[in-house]
There are 2 protein chains.
Amino acid sequence: MRPNKRAELIRKSLELFYRNGFHATGMDLVAAETGVSKTSIYKHFRSKEELILAVLQLRDEDFRNWLYRRLEELADTPRGQLEALFDVLEEWFGQPGFQGCMFIKASAEYQSGKDPINMQSAEHKRLLQEHFAALAAKAGAADPAALARQLMILKEGAIVLAAMSHSAAPAKDGRQAALALIKQAVR
Amino acid sequence: MRPNKRAELIRKSLELFYRNGFHATGMDLVAAETGVSKTSIYKHFRSKEELILAVLQLRDEDFRNWLYRRLEELADTPRGQLEALFDVLEEWFGQPGFQGCMFIKASAEYQSGKDPINMQSAEHKRLLQEHFAALAAKAGAADPAALARQLMILKEGAIVLAAMSHSAAPAKDGRQAALALIKQAVR
DNA sequence: ATGTTTGTGTACCGATCTGTAAACTTTCAC
DNA sequence: GTGAAAGTTTACAGATCGGTACACAAACAT
């Protein structure tokens, strides 16, 4: 029961779930792809749901860390970081394996509001919105929370359309819209 | 093989797939809920995929007809109809069984760009975007296609966040953003 | 060396998946 | 009435689902 084996399991499962979907990815496939027998997997995770939750937690940390860091690298003012959001998203959309947002897909497959998978996905979005609201406040927006909600809408919409159209173009349209909204909100 | 039986089958399947998801809804459940045996179902549809495609086609017609009609009822100018978009969406979000966009969920479960289910979902979005672009052109937008793409992004984002937050509130934020973008695009 | 603990893989469980073969019931032409 | 055609049900096939019992192997303490 080495802890790095567990981490490896989560990392590989993330890839499989992201590419194939949750229901469509069986535990037998996870076992085959990781080279770890199902019995061993079930020593680390009591159920498939628990594995999925661990995967989502890893994804949440990785994605938010990556996004926040890229924003800081591209701009050193709060407003600049908000304006750089869709440049970072465009990078993401252009990455080879891009297949949309894992949390949108998770909540699409597990729709019950009481489902832990659904709740954890909603929490990820809440954390992002909070971050944007903090940036908007520092940038001097009249209503930072409202601007953050608008940017979230643009972000989710751009992700969905980029995934469905297999193109990074929605990032450009999202960027244009975001710049207009930011300009309007920060006077 | 009465045709109304087929329509009834599609209608009930739509409800089941929308509520439970596609992979999570088995053909046995469809048979149980419709009172039609699986063998009879498979006389009407050669496969589950074909049933899903029929469901998506019905959904596309129903949804677009409903949306376009509501827009016309709320406004009689192209610009007014674009501005009314999020009022109509808010109605939708507030309906009891609202669970997000069926096409987003379909393309989330069937991600391959070559999958007929994925392609049909993308086509639905294309038709909507075309409609918005025509309205934008009639409204006198400088770049009608660009405005249509921006409104699509807002629309998809609002749908996703409304479904994930189990709230109609994103419609209000989307509306505010849409008004600003329309004002900017139509000078 | 020997007993114990810890971890692993094989081989399986019952349930459910999509899809079908074969028997039966209805419909309708003549 | 009788035979063909169409539609339906029961019952099942083969595969796969999430999850586990059990035998075995490695590591460790004594």
Side-chain angles (χ1 to χ4, degrees), chain A residues 1-57 105-106 108-112 114-118 120, chain B residues 1-57 105-106 108-112 114-118 120:
Chain A
M1 196 117 76
R2 295 168 310 185
N4 54 337
K5 198 83 179 171
R6 179 188 160 98
E8 168 77 14
L9 222 40
I10 297 175
R11 212 186 49 72
K12 185 70 184 173
S13 300
L14 184 142
E15 192 189 314
L16 291 172
F17 287 136
Y18 184 59
R19 275 216 319 263
N20 298 26
F22 296 95
H23 283 100
T25 303
M27 295 300 279
D28 286 301
L29 181 64
V30 173
E33 288 286 316
T34 56
V36 179
S37 72
K38 277 203 292 179
T39 307
S40 289
I41 296 177
Y42 277 98
K43 292 285 182 199
H44 291 283
F45 307 97
R46 259 174 294 183
S47 64
K48 183 180 183 180
E49 174 177 297
E50 207 171 84
L51 172 59
I52 292 176
L53 288 172
V55 162
L56 291 182
Q57 188 180 338
K105 298 198 286 193
E109 289 203 48
Y110 302 90
Q111 314 186 42
S112 162
K114 300 188 163 190
D115 191 308
I117 294 174
N118 190 293
Q120 189 152 332
Chain B
M1 195 116 79
R2 296 169 307 184
N4 54 336
K5 200 80 179 173
R6 180 188 159 98
E8 167 78 14
L9 222 40
I10 296 175
R11 213 186 48 73
K12 186 69 183 175
S13 300
L14 170 79
E15 190 189 316
L16 291 172
F17 287 135
Y18 184 59
R19 274 216 320 264
N20 297 40
F22 296 95
H23 284 100
T25 302
M27 295 299 277
D28 286 300
L29 181 64
V30 174
E33 290 285 318
T34 56
V36 179
S37 72
K38 276 201 294 177
T39 307
S40 288
I41 297 177
Y42 276 98
K43 291 283 182 199
H44 291 282
F45 307 97
R46 259 174 295 185
S47 63
K48 183 181 181 179
E49 174 178 295
E50 207 171 83
L51 172 59
I52 292 176
L53 288 172
V55 162
L56 291 182
Q57 188 182 336
K105 298 198 286 194
E109 289 203 49
Y110 302 89
Q111 314 186 44
S112 163
K114 301 185 163 191
D115 191 310
I117 295 174
N118 190 294
Q120 188 151 333

Legend entry - Pairing of A/E8 and A/R11 as salt bridge, 4.0 angstrom limit: yes

Legend entry - B/Y18 six-ring centre to B/K105 NZ/CZ under 6.0 Å and within 45° of normal: yes

Inset, instruction - Measure distances between side-chain N and O atoms of A/K38 and base N and O atoms of D/dG19, and say whether any donor-acceptor pair falls under 3.5 Å. - result: yes

Legend entry - Under-3.5 Å donor-acceptor pair between A/T39 side chain and C/dT10 base: yes

Legend entry - Donor-acceptor pair (no angle test) under 3.5 Å: A/S40 side chain, C/dT8 base: no

Inset, instruction - By nearest nucleotide on DNA chain C, pick out whichever of B/F22 and A/D28 is the more 5' one. - result: A/D28

Legend entry - First encountered from the 5' end of DNA chain D, between A/Y42 and B/V36: B/V36

Inset, instruction - Using whole Å, report how far NZ of A/K43 lies from P of D/dG18. - result: 19 Å

Legend entry - d(CG, B/N20; P, C/dT16) in whole Å: 14 Å

Legend entry - Nucleotide D/dG19, atom P - distance to NE2 of A/H44 in whole Å: 16 Å

Inset, instruction - Grab the CZ-P distance between A/F17 and D/dC17 for me, whole Å please. - result: 11 Å

Inset, instruction - Could you tell me whether the side chain of B/Q111 and the main chain of A/R19 form a donor-acceptor pair under 3.5 Å? - result: yes

Inset, instruction - Give the nucleotide from the list C/dG9, C/dT18, D/dT9 with an atom nearest to the side chain of B/K48. - result: C/dT18

Inset, instruction - Answer yes when B/K12 and B/E15 have at least one side-chain N-carboxylate O distance shorter than 4.0 Å, and no when they do not. - result: yes

Legend entry - Heavy-atom side-chain contact between A/F45 and A/I10 under 4.5 Å: yes

Legend entry - Selected nucleotide, minimal atom distance to A/S47 side chain, candidates D/dG19, D/dT8, C/dT10: D/dG19

Inset, instruction - Rounded off to whole Å, could you give me the NE2-to-C1' distance for the A/H23 and C/dT16 pair? - result: 13 Å

Legend entry - Rounded distance in Å - CD (B/E8) to P (D/dT8): 13 Å

Inset, instruction - Please report, rounded to the nearest Å, how far the P atom of D/dG18 is from the CD1 atom of A/I117. - result: 12 Å

